[in-house]
Amino acid sequence: MTCDPRVLRRPLLVGLIPAVWTVVLGLWGLSRQNSVWRDEAATWQVARRSTGDIVRMLEHVDVVHSLYYLCMHGLFAGFGPSTTVLRLPSVLAVAAAAACVALIGHRLAGAYVGLGAGLALGLLPAVQFYLQEGRPYALVAAGSAASTLLLVNALRGRARKRTWAAYACAVLVCGWLNWLALLILPAHLITLLWSRAPRGVRVRWAVAAGAATAGVLPLALFSLDQSGQVSWVPPLTWHMMIGPAILLAIGGLGVLLGRRTGTGTGTAPGTGMGAAERTGAADRTDRTGRADRTDLAGPPDLANRAGRPGPTGTVEPPGPVTGSPFVAAVGLPLLAVPQLGLIGLSLVKPLFVDRYILFSLLGLALLIGALIGRAVDEVARRSRPAARCVLPVLVAVALVALLPQSLAKRSPASRVDDVLAAAERTRQLKHDGDGVLFIPAARRDTWLVTPDAFTGTRDIALAETPEKSGTLKGVEASPARVRAAMLAQRRILLVTDATGVARPTRGRRDRTKAEVLATHFTLVSDERIRGRRVAVYERLAPAGGG
């Protein structure tokens, strides 16, 4: 298997191949053995509500994901709830991001860099995790990739008013999916400065970025009132810095290895081609007495500045391209700035969770693509046919090396728990008239995702449903009322976290539940299922005996 030179001359195929590759990776094991974990359960149960109920909930909780929830509500309404409908948007989003990354690499440094970057994105372990996740992070990555592609087009002299309007819209949508996506703007600013973009481009970027920020600002300010939702995020520690440090080290290595070529990518400045592509162009010049304009000139807007046939049919050296970025100027800020920015924010309030800045891995993919382009260039200097095999071989080696991780991330064990497994076991254990308890109340998502599994039972602690209360988990009765309701039951099913997953029970209501079960009930069944625990308790004395 080699890279067909005809593919290298078609930007559409350079973007399409990584997109298809990513879709294949995403569809592989998409259902995760029909499992859904707690974060995805939030998406599932909210998407099943009416639009009015969703809007009412957003006034109290999760407004930061408002656009995503409304989109998923539309999909669930149209296609019905399932693991495929839940996760397919993320698969398609990462595929779109891979296509954009490939086109960015192609336009900046040639087809091998583009293909390498696009194919690498879907193989990154963190991307494979969120590739099959029913949450908005993959969609943010897609919007970030699109906005970066638009910025690159603008820097290469293709900017029109609609380009900047599309850029502002892409950043705005990303911000409404998660306002931390605005960290991409300082990354793009560094790219502009590093590339020595003309003043006019910088001014237009500032206007577009300002418009997008203004559109996201109300959401960000409103979400501050709901900041208690991230109270579970631990304070920043040195141990948490290991991951970002490794990523930045890999990015820096890519830049250093590419610096020897003069562009940071392993390409000739201004041509948009690597050595293998230039060799092929030279061969065609030798055979026909003229050069293939499509390959040598690169994109049309650079034709007058790139290498082109001279009067005798030889190729003249390309001239510099003022303001045109190279891969390092795009990839390194895109990788580093969101990581460092989130670390800085976490010094004020703990927020450092890697999924919030998943889009920063777009920069890592670009830098990996640059390293692949460098490897192709080195081999091409010795053998052009061998150079065509470099990319397929590297992808195959990476796929095999990462296979254990890929399999692990497609297993239910890759997540903290499995809501559907706990619900199915409840269905098997329940008796009509049983009472059901959830400790903590957030484990009520087991019922909210699969209410049919609880048919014939009663949630004895619930005072107000999630839909009516505008919350994710509903409102429970006072501890005294919960106690009385429990003592009136002959049999109670408890759904809680498995040992090692649960945090210590600190709420008064949950302590009351545990105390009554321990004092007035006997445990007759206790099963741990994929991170959750389903237990059956029976009353020691006749109901109401106190």
Side-chain angles (χ1 to χ4, degrees), residues 39 42-43 46-47 49 51-74 93 135-144 146-148 151 164-190 204-236 333-334 337-360 442 466-467 469-473 475:
D39 278 18
T43 300
V46 171
R49 301 184 188 185
T51 303
D53 286 339
I54 294 175
V55 172
R56 190 178 306 112
M57 183 205 77
L58 295 175
E59 295 175 1
H60 303 96
V61 65
D62 258 2
V63 69
V64 69
H65 299 315
S66 54
L67 178 60
Y68 177 70
Y69 284 150
L70 291 170
C71 290
M72 292 306 298
H73 166 72
R135 297 299 280 171
Y137 310 111
L139 278 68
V140 173
S144 300
S147 65
T148 304
L151 181 72
W164 291 113
Y167 175 87
C169 289
V171 176
L172 177 66
V173 170
C174 286
W176 271 86
L177 289 168
N178 187 336
W179 62 263
L180 286 171
L182 292 181
L183 287 171
I184 199 172
L185 292 177
H188 285 171
L189 176 59
I190 291 176
R204 293 182 183 91
W205 172 85
V207 172
T213 302
V216 176
L217 192 59
L219 173 71
L221 293 176
F222 191 86
S223 69
L224 293 179
D225 292 334
Q226 301 176 1
S227 59
Q229 284 185 262
V230 292
S231 59
W232 58 270
V233 179
L236 204 61
L334 189 53
V337 172
Q339 299 279 343
L340 297 175
L342 190 59
I343 289 172
L345 290 174
S346 297
L347 296 175
V348 179
K349 178 177 178 58
L351 278 175
F352 194 84
V353 182
D354 58 357
R355 61 177 177 263
Y356 294 163
I357 49 171
L358 179 70
F359 62 90
S360 69
E467 291 84 358
S469 62
T471 62
L472 279 172
K473 58 188 178 184
V475 175

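The model shown is predicted, which means the values in this text are computed figures rather than measured ones.
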Which distance, rounded to the nearest 0.5 Å, do you find between the [atom1] of [X] and the [atom2] of [Y]?
X: F222; Y: L58; atom1: CZ; atom2: CG; answer: 8.5 Å
X: C174; Y: L182; atom1: SG; atom2: CG; answer: 9.0 Å
X: L334; Y: L183; atom1: CG; atom2: CG; answer: 11.0 Å
X: R49; Y: Y69; atom1: CZ; atom2: OH; answer: 9.0 Å
X: L151; Y: I184; atom1: CG; atom2: CD1; answer: 9.0 Å
X: L345; Y: L180; atom1: CG; atom2: CG; answer: 6.5 Å

Under a 4.5 Å cut-off applied to non-hydrogen side-chain atoms, are [X] and [Y] in contact?
X: L358; Y: V140; value: no
X: W205; Y: L185; value: yes
X: F359; Y: N178; value: no
X: V46; Y: E467; value: no
X: H188; Y: S147; value: yes
X: F352; Y: I343; value: yes

Where do [X] and [Y] come nearest, in terms of heavy atoms and distance?
X: R135; Y: A42; value: NH1-CB, 4.0 Å
X: G215; Y: P218; value: O-CD, 3.6 Å
X: A93; Y: A138; value: CB-O, 3.5 Å
X: S346; Y: L351; value: OG-N, 3.3 Å
X: G143; Y: A170; value: O-CB, 4.0 Å
X: T148; Y: S144; value: OG1-O, 2.8 Å

Are K349 and V230 close enough, and set up right, to give a side-chain contact (heavy atoms from CB on, under 4.5 Å), and what steps lead you there? CA-CA 9 Å; K349 178 177 178 58; V230 292; 3.8 Å; yes
Short side-chain donor-acceptor distance under 3.5 Å, Y68 and W176: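 Y68 and W176 do not have a side-chain donor-acceptor pair below 3.5 Å.
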Side chains of Q226 and D62 only: does a donor on one sit below 3.5 Å from an acceptor on the other?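 The answer is no; no qualifying pair exists.
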Do the rings of H65 and Y137 sit parallel, tilted or perpendicular, given the 30° and 60° boundaries?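 Aromatic pair H65/Y137 classed perpendicular.
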Of T43, D53, T51, which meets side chain to side chain donor-acceptor pair (under 3.5 Å) against H73?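 In the set T43, D53, T51, the residue that makes a side chain to side chain donor-acceptor pair (under 3.5 Å) with H73 is T51.
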Please indicate whether R204 has more than 12 foreign heavy atoms, meaning atoms of other residues, nucleotides or ligands, lying under 6.0 Å from its CZ.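 Atom CZ in R204 is not packed in, count stays at 12 or less.
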Short side-chain to backbone donor-acceptor contact, S360 and P338, under 3.5 Å: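 Pair absent, no side-chain N/O of S360 close to backbone of P338.
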